[in-house]
Visitor: 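Quick one: the structure is below, questions incoming.
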Amino acid sequence: MNDDTPDPPLGFRYAEQYTPPDPERVSDVAITTHEHVFEVDPRLMERWVLQQEFPNWDSLRIMNSRGDHLEWMHRHFATRVVTGSALLDEINDETPDSQDRLGGEG
């Protein structure tokens with residue numbers, strides 16, 4: 001043996017890669033595992049969608065690339081950013097009976 005052994009040692013350990021941290025409940029339907037990773041409680045979706053196992057590094061890679069992906073989409077497809085509330089205001093202003101359809105007063 002030599003003294004060049006990395007600390008921790010390199011290698012793939014299934015349990016380490018596929019066991020996320022213990023989930024914390026955020027709401028009745030949402031949990032968080034890794035910091036800033038919020039997801040629908042998988043137990044609520046099991047009946048409808050086959051749940052896939054993701055290695056921890058892939059969950060973190062996807063989460064960390066969201067900002068880059070959103071920036072790329074804005075550069076290529078958007079001329080401005082519009083909030084959901086601005087869209088609803090625009091719809092309400094254009095359609096007199098929209099208040100009834102959206103359940104608002106009017």
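Each residue takes its place number in the sequence, starting with 1.
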Visitor: Taking all non-hydrogen atoms of both residues into account, name the closest pair between V81 and H74 and its distance.
Guide: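 The pair with the smallest heavy-atom distance is CG2-CE1, 3.7 Å.
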Visitor: Classify the ring geometry of W72 against H69: parallel below 30°, tilted from 30° to 60°, perpendicular beyond 60°.
Guide: parallel
Visitor: About how many Å separate CG of D58 and OH of Y18, when rounded to the nearest 0.5 Å?
Guide: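 These two atoms lie 8.0 Å from each other.
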Visitor: How many angstroms lie between CE in M63 and CD in E39, if you round to the nearest 0.5 Å?
Guide: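 Answer rounded to 0.5 Å: 12.0 Å.
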Visitor: How many angstroms lie between OG1 in T32 and CG in D22, if you round to the nearest 0.5 Å?
Guide: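 The CG atom of D22 is 12.0 Å from OG1 of T32, to the nearest 0.5 Å.
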Visitor: Other residues, nucleotides and ligands only: do more than 12 of their heavy atoms fall within 6.0 Å of CD on E35?
Guide: no
Visitor: Are any side-chain N or O atoms of S65 and backbone N or O atoms of D68, one a donor and one an acceptor, separated by less than 3.5 Å?
Guide: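 No: the side chain of S65 does not pair with the backbone of D68.
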Visitor: Could you give the distance from CG (L44) to CD1 (I31), rounded to the nearest 0.5 Å?
Guide: 9.0 Å
Visitor: Just to verify, what does D41 make a salt bridge (Lys or Arg N to Asp or Glu O under 4.0 Å) with, not counting sequence neighbours?
Guide: R25, R43
Visitor: More than 12 non-hydrogen atoms from neighbouring residues, nucleotides or ligands closer than 6.0 Å to CD on Q51, yes or no?
Guide: yes
Visitor: Within the distance-only criterion (no hydrogens, no angle test), does the side chain of T19 pair as donor or acceptor with the backbone N or O of E16 below 3.5 angstrom?
Guide: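 Answer holds: no.
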Visitor: What distance do Y14 atom OH and E53 atom CD have between them, rounded to the nearest 0.5 Å?
Guide: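 If we round to the nearest 0.5 Å, Y14:OH and E53:CD are 4.0 Å apart.
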Visitor: Atom CG of N64 and atom NE2 of H36: how far apart are they, to the nearest 0.5 Å?
Guide: 9.5 Å
